[in-house]
Amino acid sequence: MDKNKNEKMEAIVSLAKRRGFIYQGSEVYGGLSGTWDFGPLGVSLKRNIMNLWWKMFVQDREDMYGVDAAILMNQKVWKASGHVDTFTDPLVEDLETKQRFRADHLIKDAGYQADGLSLEEMTTLIRDNGIKSPNGNPLSEVRTFNMMFKTHVGPVDDESSISYLRPETAQGIFTNYKNVLDSFYPDLPFGLAQQGKAFRNEISPRDFIFRSREFEQMEIEYFIDPANWESEFTKWVGLVHDWTDALGLPAENVHELEVADADRAHYSKRTIDFEFDFPIGREELLGLAYRTDFDLSNIQREAGKNMEYTVKGTNTKFIPHVIEPSFGVERAIMAVLSAAYTEDEVNGEKRVYLRLPEHLAPVKYAISPLLKNKPELVAKAREVYDILKKKHGDVMWDDNGNIGKRYRRQDEIGTPFCVVVDFETLDDNAVTIRDRDTTEQKRVNISDL
Ligand code: ATP
């Protein structure tokens, strides 16, 4: 049975909170909009996803190097990259409540196309079509709003001490390109990869973790000879699909949106937004862009440092071009949870479970003694727990409530296998293993676990 979209989203948000995956940030103080905290299971899921990415794109490849740059960077970075001037979203104000909204979102919500429109065109469209704020009030003119969080570094609050919380991790890669080149002199093409926090002062954060003000990115700048950009881009399209497969996302729910010329950043020659059918609708999961030599050329010009690559054994020099796959961790988590969330019926009773791929599940095995007031069962179950804990790490001891309740709880957190130690175990050294998806139970010898 498939719930309607909002109901499914609400069910996932509520499960995420109830079971310790994701909580509203600063919840005890009434929350802080656009921030989310990961609980014990959420942080495991997040790490499993980030480690999988690191393994696929860095550890398992010869042409990839990891970096971990500082979040605070010299303000010149953001001037040269264009973020100070152009990292903006269109903002409108409810003229009565003074609440602020993303103009393009209100336009789209009202059923019109907003992509590629100038501020004036948006203002006209809103006026001519009588688009109102969600509170039903008239709206102001549309203006730009810079999404970077500004701060000051050091004890003096003046122009020279301005810094920003990075709105993307990419610039920390570009600023280290020359360092890595000098240390390793890799053959072209090669990539630099980074995972880390990014901050955007989104005008209206919404849809659970989908649009947050603080989130995590996993980005790669893949440096290439511009002569090969088309074939390199095609390879990355394939690799992105490998990634969504590895997340267990059904291929039919992943879509490529070729971004039109008018909607692309001016420096990008080609961009594909990979969209996913989230419960909130089809939305961007991650992006793949051909960023040309825009960023390295900016650095060369503004910092006065040579960013050229010399092809080994030749005198050929050029500034490499860049293919950039940019992955959002929260959107990956939301996609994984959406794909995994399943309702069915077991023995006439409704059941909710997360059909998480085994390699992403926060808990791989839950171990229970059939009865927790029987010391001999508890001792035996502890033995099994210790064995599995050593082997797999992600193992949970669960002796709360009766077995049926334990199964339901483990189903809800996506544990693929529940292991139960009963009286027979004491005689035959075998346990019952129950499969999350089929609910089938098997007897297995402890030594074969
Ligand atoms: P959108 O159009 O949805 O605002 P974007 O095109 O601005 O996204 P990019 O700048 O391409 O996003 O950022 C790369 C990736 O970072 C996105 O595909 C997404 O996965 C993630 N991301 C961007 N903004 C947010 C956010 N506010 N909250 C969570 N993830 C985000």
Side-chain angles (χ1 to χ4, degrees), residues 1-3 8 11-12 15-16 18-21 40-42 44-45 47-49 52 245-251 253 333 335-372 377-378 380-449:
M1 79 187 91
D2 199 14
K3 292 200 166 209
K8 181 167 174 184
I12 292 171
L15 185 154
R18 192 173 65 250
R19 292 295 178 209
F21 282 88
L41 297 182
S44 291
L45 176 61
R47 276 185 192 212
N48 290 344
I49 290 175
L52 177 68
D245 288 348
L247 288 182
L249 305 183
N253 297 133
I333 293 171
V336 165
L337 288 176
S338 311
Y341 184 90
T342 317
E343 291 180 1
D344 65 359
E345 244 175 51
V346 174
N347 305 329
E349 256 184 70
K350 182 188 141 187
R351 168 176 87 127
V352 170
Y353 70 107
L354 291 183
R355 212 184 168 91
L356 292 172
E358 210 176 307
H359 58 282
L360 298 183
V363 179
K364 312 280 189 265
Y365 292 92
I367 321 296
S368 302
L370 180 65
L371 300 170
K372 71 172 175 186
L377 289 188
V378 173
K380 192 72 191 169
R382 275 281 163 202
E383 251 176 56
V384 177
Y385 173 85
D386 289 341
I387 293 169
L388 287 175
K389 186 90 180 154
K390 248 190 219 138
K391 254 196 206 167
H392 298 284
D394 297 334
V395 170
M396 187 188 266
W397 176 261
D398 188 358
D399 61 7
N400 247 329
N402 64 35
I403 285 292
K405 283 213 178 102
R406 289 177 212 166
Y407 285 160
R408 292 303 159 91
R409 188 165 50 239
Q410 294 299 332
D411 284 347
E412 273 206 319
I413 66 173
T415 307
F417 304 106
C418 289
V419 175
V420 177
V421 168
D422 55 25
F423 290 105
E424 266 177 75
T425 311
L426 304 177
D427 298 328
D428 65 3
N429 235 20
V431 289
T432 301
I433 284 206
R434 176 206 180 248
D435 181 289
R436 173 195 68 198
D437 300 341
T438 62
T439 73
E440 265 166 31
Q441 304 189 11
K442 262 199 268 180
R443 288 296 284 182
V444 175
N445 202 285
I446 292 172
S447 55
D448 297 332
L449 272 174

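Nothing here was measured: the structure is a model prediction, and the numbers come from that model.
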Exercise: identify the closest heavy-atom pair between [X] and [Y]:
| X | Y | answer |
| --- | --- | --- |
| Y341 | A11 | OH-CB, 3.3 Å |
| A366 | Q410 | CB-CD, 3.3 Å |
| L249 | A339 | CD2-CB, 4.0 Å |

For a 4.5 angstrom cut-off between non-hydrogen side-chain atoms, does [X] reach [Y]?
| X | Y | answer |
| --- | --- | --- |
| P362 | I413 | no |
| L426 | L377 | yes |
| V420 | I403 | yes |
| L449 | V384 | yes |
| K442 | D435 | no |
| L371 | F423 | yes |
| Y407 | D398 | no |

Pairwise distance [atom1]([X]) to [atom2]([Y]) - rounded to 0.5 angstrom:
| X | Y | atom1 | atom2 | value |
| --- | --- | --- | --- | --- |
| K405 | S368 | NZ | OG | 13.5 Å |
| T425 | N445 | OG1 | CG | 10.0 Å |
| L354 | L360 | CG | CG | 11.5 Å |
| D394 | M396 | CG | CE | 10.0 Å |
| K390 | Y385 | NZ | OH | 12.0 Å |
| N429 | I446 | CG | CD1 | 4.0 Å |

For [Y], is there any backbone N or O sitting under 3.5 Å from a side-chain donor or acceptor partner on [X]?
| X | Y | result |
| --- | --- | --- |
| T342 | A340 | yes |
| K364 | A361 | yes |
| R409 | N400 | yes |
| R406 | G401 | yes |

Enclosure of N347 CG (heavy-atom neighbours >12, cutoff 6.0 Å)
no

Is it true that, when you exclude E358 itself, more than 12 heavy atoms of the residues, nucleotides or ligands shown sit nearer than 6.0 Å to its CD?
no

From CA spacing to verdict: side chain to side chain contact (heavy atoms under 4.5 Å, CB included), V378, D399:
CA-CA 9 Å; V378 173; D399 61 7; 5.9 Å; no

Is there a side chain to side chain contact (heavy atoms under 4.5 Å, CB included) between V395 and V419? Walk through the geometry before answering.
CA-CA 10 Å; V395 170; V419 175; over 6 Å; no

Considering the options R434, R19, K350, which one meets the salt bridge (charged side-chain N to carboxylate O under 4.0 Å, His left out) requirement together with D411?
R434

Derivation and outcome, side chain to side chain contact (heavy atoms under 4.5 Å, CB included), residues R355 and D437:
CA-CA 7 Å; R355 212 184 168 91; D437 300 341; 3.7 Å; yes

So H392 and Y365, would you call those rings parallel, tilted or perpendicular, with 30° and 60° as cut-offs?
tilted

Assess whether side chain to side chain contact (heavy atoms under 4.5 Å, CB included) is satisfied between T439 and R351, documenting all intermediate values.
CA-CA 11 Å; T439 73; R351 168 176 87 127; 3.6 Å; yes

Under 4.0 Å between a side-chain nitrogen and a carboxylate oxygen: does that hold for R443 and D422?
yes

Taking the six-membered ring of Y353, is NZ or CZ of R436 closer than 6.0 Å to its centre and within 45° of its axis?
no

